[in-house]
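What follows is a set of notes on a single structure, which appears directly below.
Here is how names work: the chains are called A, B, and so on, in the same order as the sequence lines, proteins then strands, and each is numbered from 1. Not measured: the values here are computed from a predicted model.
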Amino acid sequence: MHIPDGLLPAPVLIGGYALTGLGTWYSLKQINRRPDPSAETPKAALLTAAFFVASSIHIPIPPASVHLVLNGLLGVVLGYYAFPAILIGLFLQAVMFGHGGLTTLGVNTAMMGGAALLAYYLFQFHHSCQGFLGGNRALALFAFLAGALGVGLAALIFAFLILTTLPADVNAGAERVAIYGLMLAHLPLMVIEGIFTAMLALFLQRVKPELLKLG
Amino acid sequence: MKTGLDHYVDLQSWLHQWEPRCKLIGLTALIFAFAGVQNWRLIPYMVGITLAIYALSQLPLKFWLTRIRYPGLFLLGMAALLPFVAGETVLWSLRGISLRQEGLLALVLISARFLSIITVVLILLGSTPFLTLAHTLRTLGVPALLTDMLLLVYRYLFETGESLTQTQRSMKLRGFSPKLERKTLQGLASLTGTLLTRSYERSERVYQAMRTRGYGAGYRRANRPPAWGSLVGLSLCLTTALGFAIAGVILG
Amino acid sequence: MTVPALTITDLWFSYPDQADALRGVTLQINPGERWGVIGSNGSGKTTLFLLICGVLAPKVGEIKLFNQRVKPGQFYPEIGLVFQNPDDQLFCPSVWEDIAFAPQNLGLSETEIQERVASALAMTGIEALAQRPPHHLSGGEKRMAAIAGVLAMKPKMILYDEPSANLDHRARRRLIQFLQRSAETLIISSHDLELILEVCDRTALLDRGTIAATGACRQLLGDRALMERYGLETPYSLS
Amino acid sequence: MTVPALTITDLWFSYPDQADALRGVTLQINPGERWGVIGSNGSGKTTLFLLICGVLAPKVGEIKLFNQRVKPGQFYPEIGLVFQNPDDQLFCPSVWEDIAFAPQNLGLSETEIQERVASALAMTGIEALAQRPPHHLSGGEKRMAAIAGVLAMKPKMILYDEPSANLDHRARRRLIQFLQRSAETLIISSHDLELILEVCDRTALLDRGTIAATGACRQLLGDRALMERYGLETPYSLS
Ligand SMILES: Nc1ncnc2c1ncn2[C@@H]1O[C@H](COP(=O)(O)OP(=O)(O)OP(=O)(O)O)[C@@H](O)[C@H]1O
Ligand SMILES: Nc1ncnc2c1ncn2[C@@H]1O[C@H](COP(=O)(O)OP(=O)(O)OP(=O)(O)O)[C@@H](O)[C@H]1O
Ligand SMILES: [Mg+2]
Ligand SMILES: [Mg+2]
């Protein structure tokens with residue numbers, strides 16, 4: 001989900017950059033409170049590269065196949081590093097492959113990164129539910145929710161931005177139909193992304209639990 | 001993963017020689033001025049300026065053509081319906097499908113903006129090596145944590161991609177064929193988890209390697225002030241951008 | 001007349017935007033033979049293996065596996081490839097699951113899967129590691145686990161890409177003994193010429209994408225002039 | 001009396017939640033000496049190197065570098081470490097940048113940095129590769145680039161962790177010649193005992209975290225009984 005150049009009006013683009021600036025500043029502030037932030041930079045960077053690459057994995061949904069968005073998972077694993085990670089990932093995507101755009105980098109980052117941060121906060125609740133759900137079940141449930149929320153929220157903002165900022169006025173009824181339509185089309189994607197995130201969280205819990213404690 | 005982006009960075013045009021900080025600020029100002037164009041009367045100026053800069057950059061047309069395809073298709077997919085659904089004034093109608101003037105104008109405006117912005121971005125990227133760009137961001141005050149991360153991500157992207165390809169091959173050679181079922185999702189989750197785990201473990205070794213060569217000691221590169229020519233280019237860009245902004249306000 | 005295990009006829013291949021990586025390779029391997037493939041870095045060994053398995057598609061030429069033409073992109077359980085880096089091959093959360101991956105994809109029954117995994121574990125001697133996550137294993141253990149994952153497919157032919165890389169002496173000895181005992185048709189690419197000498201009957205020497213020589217191992221590896229011409233060195237044990 | 005280059009006294013170390021990786025290592029190395037460190041996988045070679053550089057902190061014991069105590073977490077440009085896997089060490093997007101990394105961190109001037117990079121490129125013979133991204137290099141080129149990155153620090157002592165792993169014959173020969181010519185105090189860990197034999201004067205044998213033996217190379221590596229006891233094999237050229 002990237003909004004390309006040329007589509008959105010300048011105030012929205014600038015607003016996007018402002019939000020991204022704020023998100024980045026807030027994340028960096030949280031990161032710099034840690035004992036040794038420079039030690040974690042390579043970790044965050046290599047994981048960002050891995051996420052970037054992993055989002056090229058395709059999942060078959062007949063008759064086509066979709067690629068994963070993974071921003072919920074990114075929030076779950078990277079915590080406050082998720083925002084800078086997405087900023088860098090989208091920058092590289094725009095610069096190297098022409099996906100998204102430089103003017104829309106702010107909007108896209110705010111959209112994806114904001115959703116990722118919320119997914120991270122949501123995921124943290126699994127600690128408090130371990131008591132009555134059991135460790136792995138709480139982990140899987142909240143990973144599912146985080147994964148689904150990550151894509152769902154991003155898709156919602158995406159649809160809203162596109163439809164409300166198109167220059168000529170599309171009538172309000174058609175607009176609402178289009179938003180509902182887009183959301184409905186994204187429901188299966190949310191479910192798949194949620195299941196995938198839950199499976200991945202369980203995998204990491206078994207193989208490398210540190211990765212779930214970085215954030 | 002090959003991007004072909006750095007193919008033409010060694011040309012000798014004026015744009016290639018333009019001091020990178022001035023170039024980055026100047027072209028970015030232009031890009032945002034273009035993004036702000038709302039009135040179709042400004043389109044010829046926007047396109048004209050873009051063409052002039054592209055000509056100045058001496059980048060071949062082939063570069064533009066290969067890079068424009070993907071984003072172009074993406075934009076068309078999102079905006080192609082506009083002339084049929086947006087606006088009141090029907091220009092032409094056939095069996096309930098009607099072409100509307102406002103929608104058509106909107107499509108023209110969006111496309112012109114898109115093409116101009118993309119072209120200027122391509123000029124910036126095609127005439128500046130990626131590394132220079134990253135260092136320029138740092139000297140312009142982007143936090144070191146971000147630029148350090150950017151360079152590391154860029155460095156390890158290709159290797160991580162290579163290791164994903166290899167693992168996917170090995171899965172295929174053991175009979176894995178993706179279908180929409182639990183087993184497939186499980187396999188792909190393991191694949192992704194392995195990728196993350198290996199990247200994480202590698203990051204520990206990379207960090208050790210960085211430490212043994214003084215990472216964290218903190219250094220600053222000295223910056224030479226830009227030459228006059230570069231500053232003139234920068235002020236031209238800024239004036240143009242300002243012009244577009246003012247024209248936009250006047251034309252409403 | 002027996003059917004050859006593998007017939008390669010005039011095989012050409014190139015990666016996008018690169019000079020040809022393989023240039024007219026022709027080779028025939030009979031069932032039960034053990035072949036070594038040697039040659040300096042970049043001579044095309046790994047590329048050849050990927051073509052034989054149908055992972056890459058040839059530009060020109062034909063590959064036949066037990067008289068059946070290899071179609072790129074298709075899955076051939078008759079043939080197994082052990083990758084140069086075991087980390088690329090081990091991706092499941094436990095060794096057991098990794099070995100069960102191929103049998104599961106073949107659609108075998110639960111008991112058959114159990115059986116195949118157990119026998120692959122036994123053959124490679126890593127029963128004790130079944131429940132461990134692969135990335136905690138030592139280099140030698142990883143190698144054996146990767147091999148077990150391929151054995152569980154019961155292939156008739158196995159390709160090993162530099163199997164002794166990064167192993168210490170003990171692990172390497174175990175690997176050599178394992179290879180000497182194994183019953184499949186083998187093709188082994190390696191810079192470790194002593195290993196080739198101990199395991200293989202015949203050798204093909206690759207040089208910049210062409211087969212520069214083939215012959216019985218001791219003879220070919222012992223030919224000091226030939227070896228030196230292609231940037232290799234006759235192993236100590238032959239000199 | 002000369003100051004020893006390195007003195008290690010009763011060094012203990014363990015990774016979190018693991019048995020001790022090093023158990024009471026004591027070793028003294030004089031300036032200009034070339035030491036080999038051998039031992040099977042997991043015997044603690046890499047761990048020892050990381051401790052010497054101050055990357056890891058000892059549990060017990062002391063490490064002195066030219067009579068100065070090594071404080072964990074600090075940066076010692078006197079000592080350089082060439083990592084086992086060059087891909088871990090070449091973390092910059094181009095070879096030039098990678099070599100310039102240490103001089104930049106030392107706060108040198110622009111011209112000094114240029115000079116150091118140029119001389120490191122010349123010493124390793126990879127001038128032509130300066131602008132290339134590391135991931136496009138061959139194994140041998142990567143190794144030389146990683147070494148250049150360490151040389152640019154002008155360390156007095158260099159630790160090489162399995163420098164010949166994954167190199168083909170030609171690249172390995174070039175590396176050996178390079179090591180033979182180099183002027184620094186060297187410690188080389190390797191499974192490639194022929195390399196140790198050709199480059200080093202003295203050897204320490206590590207076994208499960210302790211030094212099992214030290215001695216002159218030819219003598220120690222030629223002691224068949226000793227080598228076998230620790231799972232190693234006397235190189236062919238000595239037998
Ligand atoms: N993915 C790729 N893309 C482009 N070129 C490649 C790729 N893989 C290999 N090559 C090139 O193809 C040629 C053959 O490479 P290959 O990996 O088959 O050699 P090899 O004999 O296996 O070498 P090594 O001993 O280093 O494993 C080399 O010139 C190499 O640079
Ligand atoms: N990061 C780590 N966390 C936990 N244990 C580790 C870690 N690194 C090494 N070990 C353990 O410490 C011991 C010594 O490992 P080390 O890597 O120093 O051995 P080595 O002699 O370098 O082996 P090799 O020849 O395989 O490189 C081993 O038992 C290993 O499993
Ligand atoms: Mg190979
Ligand atoms: Mg080691």
Practice task
For residues B/Thr50 and B/Ile117, determine if any side-chain heavy atom of one lies less than 4.5 Å from a side-chain heavy atom of the other.
Solution key: no
Handout entry: D/Tyr15 ring center within less than 6.0 Å of D/Phe13 ring center
Key = yes
Problem - Region of B/Tyr156 in contact with chain D, defined by heavy-atom distances below 4.5 Å - result: side chain
Completion exercise
Okay, D/Phe91 and chain B: the region with an atom under 4.5 Å from a heavy atom over there is both
Handout entry: Option passing salt bridge (Lys or Arg N to Asp or Glu O under 4.0 Å) with D/Asp87 (candidates B/Arg155, B/Arg198, B/Arg205)
Key = B/Arg155
Handout entry: Heavy-atom pairs under 4.5 Å with chain B, option from D/Asn85, D/Ile79, D/Leu90 with the top count
Key = D/Leu90
Problem - Pairs of heavy atoms under 4.5 Å with chain B: top-ranked of D/Gly54, D/Ala146, D/Pro93, D/Pro103 - result: D/Pro93
Handout entry: Any donor-acceptor N or O pair under 3.5 Å, side chains B/Ser13, B/His16
Key = yes
Problem - Region of B/Gln208 that comes under 4.5 Å of a non-hydrogen atom in chain D - result: both
Problem - Best-contacting candidate, D/Leu56, D/Val82, D/Leu50, against chain B by heavy atom pairs under 4.5 angstrom - result: D/Leu50
Handout entry: D/Gln74, part contacting chain B, at a heavy-atom distance under 4.5 Å
Key = backbone
Exercise for the section: Evaluate the criterion side chain to side chain donor-acceptor pair (under 3.5 Å) for residue pair B/Lys23 and B/Thr128; output intermediate values, then yes/no. Expected result: CA-CA 9 Å; B/Lys23 177 158 58 177; B/Thr128 323; 3.1 Å; yes
Problem - Most chain B-contacting option - heavy-atom pairs closer than 4.5 Å, from D/Cys53, D/Ser109, D/Pro133, D/Ala102 - result: D/Ala102
Practice task
Answer with side chain, backbone, both or neither: which region of D/Asp98 has an atom nearer than 4.5 Å to a non-hydrogen atom of chain B?
Solution key: both
Problem - More than 12 heavy atoms of other groups within 6.0 Å of D/Arg202 CZ - result: yes
Handout entry: Verdict with supporting geometry, D/Thr26 and D/Asp10, side chain to side chain donor-acceptor pair (under 3.5 Å)
Key = CA-CA 5 Å; D/Thr26 298; D/Asp10 190 30; 5.2 Å; no
Handout entry: Interface residue of largest heavy-atom contact number with chain B, from D/Cys92, D/Ser94, D/Pro77, under 4.5 Å
Key = D/Cys92
